[in-house]
Amino acid sequence: MTISTIVPTPNTNETERKTYGLHANSKKPTNKPKKGKIMQTPNDTKAEKALIGALLVHPEAFQETSVIVSADDFYDPTCRAMWRAGERLAKRGVTIDALTLHTELPENISRTTINDAVSSLPFGGDWMSYAKIVADLAVYRRMIDAAHEIAKMAYTRPESIDLAIDEAQKRVFALTSARGSRSTMATEGVARKILEHLDIVMSQGAESGVPTGLPSLDEITGGWQKGDLVIIAARPSVGKTALAIGAARWAAQFYSKRVVIYSLEMSAQSIGTRLLAAMSGVGTIDIMRGRVSGANWIRLAAGVGKMKRTNIMIDDTPTITPAELRSRARQLKQSGGLDLVIVDYLQLMMSDRQSRDVNRVVEISDISRSLKSLARELNVPVIALSQLNRLAEHRESGEPRLSDLRDSGAIEQDADIVMMLWRPNGQTHNEPVESVRLNIAKHRNGSTGEIPLRFVKSLTTFTEDRS
């Protein structure tokens, strides 16, 4: 006996209800397993055959259903083989019917089997309903596989509980994120997605990614792109945290994006003070020392109102590991969506490896790779701040290079974009407004360049230098 979850369309007749094991006055399947009976692998060969029948009878069925179904979703090996044959025909632009499909199948699948699939399609059958059944039952089977793997891992008791939890969550998250998407895609499908994305960007007149708040940077990068790992590197006290907080504020305040900041260096209150200063126009020192009076009270109250309306979350756990960070980010993604992740900063993260034999370079490489994996898995931009070593300070110009990234060359390798903030040597640092340069040293999908910026120290904010 198989577990069937077919839900008929509103116009399903009594014959179809009986065919799929449904009560006359109920939409609930009658063939649910009873207590004490052996649970069998979730599958529905009737729905699979009906979907193959639709594939052979209706030319448009494959194009519509292949969006949510792939060959691996079929439990019955014959149906799986027939669907793969249909995929090959569609890729060559050949019409899918009983004759063309037979030429693509191995000899052990006869014309009779193909005809049976056609006859299994109910009159007026809804192939999208059958496709959903096939796809959903495939997810149930993968859920069972994931549960077995998680249980097996738990019995072995891995050394790191954080890594074990992360791996378990990763397997479960993959079930939800994979629904309605295919990991393998033909160029035709890729081209279609590109055109759909282009149409959205052109119709909205917006950047393709999350706007950065710096027009020249948006011009080069198109905004913070989904799946990208962006490194903002600088020596201490040059402004990398300020630039990252500014990016978070811009995305949340003006574009209603949901942003999370993982701060390993500063407390949530310190970051909140900077956000309030930028939103109110009242200096950070004045806020911290309580030097607020007159018109500044009005500006401060307005700033607090803006803060309350922005969706920025701050996690100031000082000893967070990559596994813990991924776990928390996944929960945010699932609970309410997530548009931008900021990590301040990379070298302060604790390694998942609990061994003294692993040197720091290897640990930083693991952390960098983990953050790139997070960006791809959640399909969000991840901005990670990084320290630079002292070599740039000994150069005449003071300009940093990619080789100055501290602790590991893997940071440069994993990153899609590497940006470095720097001040030219000899420049004084005591001015209320300082000139800082933003060098885009690496851009995997576009051009590089340098953008002159102005840093307003009292508000810890950056603007472009148009002078």
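The shown structure was predicted, so the numbers you read here are calculated from the model rather than taken from an experiment. One-based numbering along the sequence shown.
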Give a yes or no on whether the backbone of [Y] and the side-chain of [X] come within a donor-acceptor separation of less than 3.5 Å.
X: Asp72; Y: Ser70; value: no
X: Asp414; Y: Arg369; value: yes
X: Arg249; Y: Ile312; value: no
X: Glu104; Y: Leu89; value: no
X: Lys240; Y: Leu421; value: no
X: Thr273; Y: Gln269; value: yes
X: Thr310; Y: Met307; value: yes
X: Thr284; Y: Ser458; value: yes
X: Arg84; Y: Ala71; value: no

ask   = Regarding Thr317 and Arg328, is there a side-chain donor-to-acceptor distance under 3.5 Å anywhere?
value =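 A donor-acceptor contact under 3.5 Å links the two side chains.
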ask   = Is a side-chain donor-acceptor pair under 3.5 Å present for Thr212 with Asp218?
value =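 The criterion, which ignores hydrogens and geometry beyond distance, is satisfied for Thr212 and Asp218.
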Counting only heavy atoms not in [X], do more than 12 fall under 6.0 Å of its [atom1]?
X: Met279; atom1: CE; result: yes
X: Arg291; atom1: CZ; result: yes
X: Glu60; atom1: CD; result: yes
X: Arg401; atom1: CZ; result: no

message = If we check side-chain contact (heavy atoms from CB on, under 4.5 Å) with Ile383, which of these qualifies: Ile232, Ile231, Val343?
response =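 Of the listed options, the one satisfying the test is Ile232.
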Straight-line distance of Leu459 CG to Leu276 CG, nearest 0.5 Å =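 One finds 10.5 Å between CG of Leu459 and CG of Leu276.
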query = Once you round to the nearest 0.5 Å, how far does CZ of Arg274 lie from OG1 of Thr460?
reply =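 So the gap between those two atoms works out to 5.0 Å.
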ask   = Does the distance from a Lys or Arg side-chain N to an Asp or Glu carboxylate O, for Arg437 and Asp465, drop under 4.0 Å?
value =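 No, this pair does not count.
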ask   = After noting the C-alpha distance and the side-chain angles of Leu217 and Trp224, does the key distance pass the side chain to side chain contact (heavy atoms under 4.5 Å, CB included) rule?
value = CA-CA 10 Å; Leu217 184 57; Trp224 312 118; 3.9 Å; yes
Pair listing, ring-ring contact (aromatic ring centres under 6.0 Å, His included) test, anchored in residues 293-321, at least two apart =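 Found none.
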request  = Taking all non-hydrogen atoms of both residues into account, name the closest pair between Val230 and Met419 and its distance.
outcome  =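 Taking every non-hydrogen atom into account, CG1-CE, 3.8 Å.
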